[in-house]
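Below: the structure, in structure tokens.
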Protein chains: 2
Amino acid sequence: MRTVEKALRLLDFFTDKVVEIGLSDLARQSGIDKATVLRMLSDMAECGFVEQNPETKRWRLGAGVLRLARLREHAQPVTRVLTPILEKLAQETGETAHASLISGRDLANIGVVEPSRANRVYIEPGLVLPLHATASGIAVTAFSRPEQQERVLARTLTAVTGMTPTSRAALEGMVSRARDRGFAVADQTYEAEVYGIAMPIFGPDGYATGALAVAIPASRAGEDHERQIIAALETAAHAATTRLGGRPSAEHRITY
Amino acid sequence: MRTVEKALRLLDFFTDKVVEIGLSDLARQSGIDKATVLRMLSDMAECGFVEQNPETKRWRLGAGVLRLARLREHAQPVTRVLTPILEKLAQETGETAHASLISGRDLANIGVVEPSRANRVYIEPGLVLPLHATASGIAVTAFSRPEQQERVLARTLTAVTGMTPTSRAALEGMVSRARDRGFAVADQTYEAEVYGIAMPIFGPDGYATGALAVAIPASRAGEDHERQIIAALETAAHAATTRLGGRPSAEHRITY
DNA sequence: GTTCATCGGTTCATTATATACACCGACGTT
DNA sequence: AACGTCGGTGTATATAATGAACCGATGAAC
């Protein structure tokens, strides 16, 4: 299999909670031989992607990722543009708002703003969202290029919760419904008790490049609240698209 | 060379100014065969490190780097901590202040704040600074582990300007002088007309992990100005070290 | 309107390189 | 003292990376 991809996938074992990982641990989790993992880590360390804690000998993300993020942000200031939009969205809806962008085969969370109320949904920063199991993923897929759409539908859909769509038919239904309505809804498909509503952000070619989403406790789901969220999302997503230099799809129309 | 490293080094061809690169161009610049470069880019794209502009077919940095940067920033909020320190430093000195961290074999610029005055030094965001040719690099090297120091001294030192130290002796002199004085000075070693002064940031083990620096037009270099900058740098670097959970080296004492 | 150069991308035989097993000393527990 | 685990090393083997030749498309030159 491809060595470069295997090496880069090692970085996905670092999460919000798992900040440092030991060599043997990483080898075990990834299923790759210890010697190989070490060589990959050393290679990535030479380039600044990871670094080794000199005391614990464990590995963590390196400063190189900060540099690259600055470069990308300088080329297109996604975070700077989306943060105020997310803040407004969280404030207007009183719920947790987050933004994700297509990153490889998945969706990468690149911004979260929580409302001030106590009972709110927590979303891990830097989370990888599966395209088939989240409102954001469905929204993006619904407005992707046909080939990209087919790639997602053709996958083996792993269940994250009991509500995750696992058959092609179920997913296809959710996607086409999202395309019709202009937004996607996911009822506890990724995490129990969490209900998500998402709207796509479009690129210059009229296809989705990411999504804005609002996550609410499932107990608060209800028609009025949902309408209010969708209205807030509509202006937010439109602002995000245009301020990022995108062009909304002609087929994107919101219908409740 | 190792494949993973070769692939990751491709990312270093993206800069402040070069936001997108075509396949043939990247192959030419890196000296790697076109087919190989394409495979590497495809692998990295699968992981979200790069993405292809669907119109121009050219490649750019992907959203995955934003995600990883968020994760690292969440684990240790380097940027958030250093930005206000840099702002104060730039304001106090009236000059461009910047911060860099060790990233692989080099130093990665991760923050710049410019003063309000018109005649100021411009530093590219996300720049890679060679350890031997910048004040920051000298400052870091002077307070690194002996092995690390030796690795830098043993390198083939490429000249960036006519003032860059290219002999081991010259570099050794600058490093030991920096160790004695507690800060490093670089007079147009990296860019003509730019004079840099840098002080190390220390990690928990008492060795340097990065540096804060002030860059001034060479024409403004002078003893009074320099003294003022060093004083501002001293408090700034101390604040950076402690607020990042580091411990200053016992050997770090400022002497003019 | 033809020519030519260059683009992104593909193919496939060759071989260089990644891999995995066995092994090391160090450390902490039992 | 025996055992398990850690990070790390050496090396024969086999797999995966490589690069030259080639493709169709595009655009500039004349």
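A note on names: the letters A, B, ... follow the listed sequences, proteins ahead of strands, and every chain is numbered from 1.
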Heavy-atom pair of closest approach, residues A:Pro130 and A:Val128: CD-O, 3.7 Å
Nearest-angstrom distance from the residue atom CD1 of B:Ile32 to C1' of C:dA16: 15 Å
Candidate pair B:Met40 and B:Leu10, rule side chain to side chain contact (heavy atoms under 4.5 Å, CB included), full reasoning: CA-CA 9 Å; B:Met40 287 170 171; B:Leu10 288 179; 3.9 Å; yes
Of the listed nucleotides C:dG8, C:dC21, D:dG8, the one nearest the side chain of A:Lys34: D:dG8
Parallel, tilted or perpendicular, as decided by the 30° and 60° cut-offs, for the rings of A:Phe49 and B:Phe49: tilted
B:Leu38 CG to D:dA16 P, straight-line distance once rounded to whole Å: 19 Å
Proximal nucleotide (of C:dA20, D:dT18, D:dG8) relative to the A:Asp33 side chain: C:dA20
Between C1' of D:dG19 and CG of B:Leu26, the distance in whole Å: 16 Å
Sugar-phosphate only, base, or nothing, as touched by B:Arg58 at under 4.0 Å among non-hydrogen atoms: nothing
Options C:dG9, C:dA18, D:dT18, nucleotide nearest the side-chain atoms of A:Arg39: C:dA18
Ring-ring centroid check A:Phe202 A:Tyr207, cutoff 6.0 Å: no
A:Arg155 atom CZ, neighbour heavy-atom count above 12 within 6.0 Å: yes
A:Ser24 side-chain N/O to D:dT5 phosphate OP1/OP2 under 4.0 Å: no
N/O (side chain, A:Thr3) to phosphate O (OP1/OP2, D:dA17) under 4.0 Å: yes
Whole angstrom value for the distance that separates C1' of D:dA25 from CD of B:Glu55: 18 Å
Touch class at under 4.0 angstrom, heavy-atom based, for A:Arg2 against every strand present: sugar-phosphate
A:Leu10 CG to C:dA18 C1', straight-line distance once rounded to whole Å: 14 Å
side-chain N/O B:Lys6 vs D:dT18 OP1/OP2, d < 4.0 Å: yes
N/O (side chain, A:Arg28) to phosphate O (OP1/OP2, D:dC6) under 4.0 Å: yes
Nucleotide nearest A:Leu23 when distance is taken to its side chain, options D:dT9, D:dG7, C:dT19: D:dG7
Residue mapping more 5' on DNA chain C - nearest nucleotide basis, B:Ala35 or B:Ile21: B:Ile21
Distance in angstrom units between A:Lys57 NZ and C:dG28 P, rounded: 14 Å
Closest-nucleotide 5' rank along DNA chain D - winner of A:Trp59 and B:Met40: A:Trp59
Touch class at under 4.0 angstrom, heavy-atom based, for B:Gln52 against every strand present: sugar-phosphate
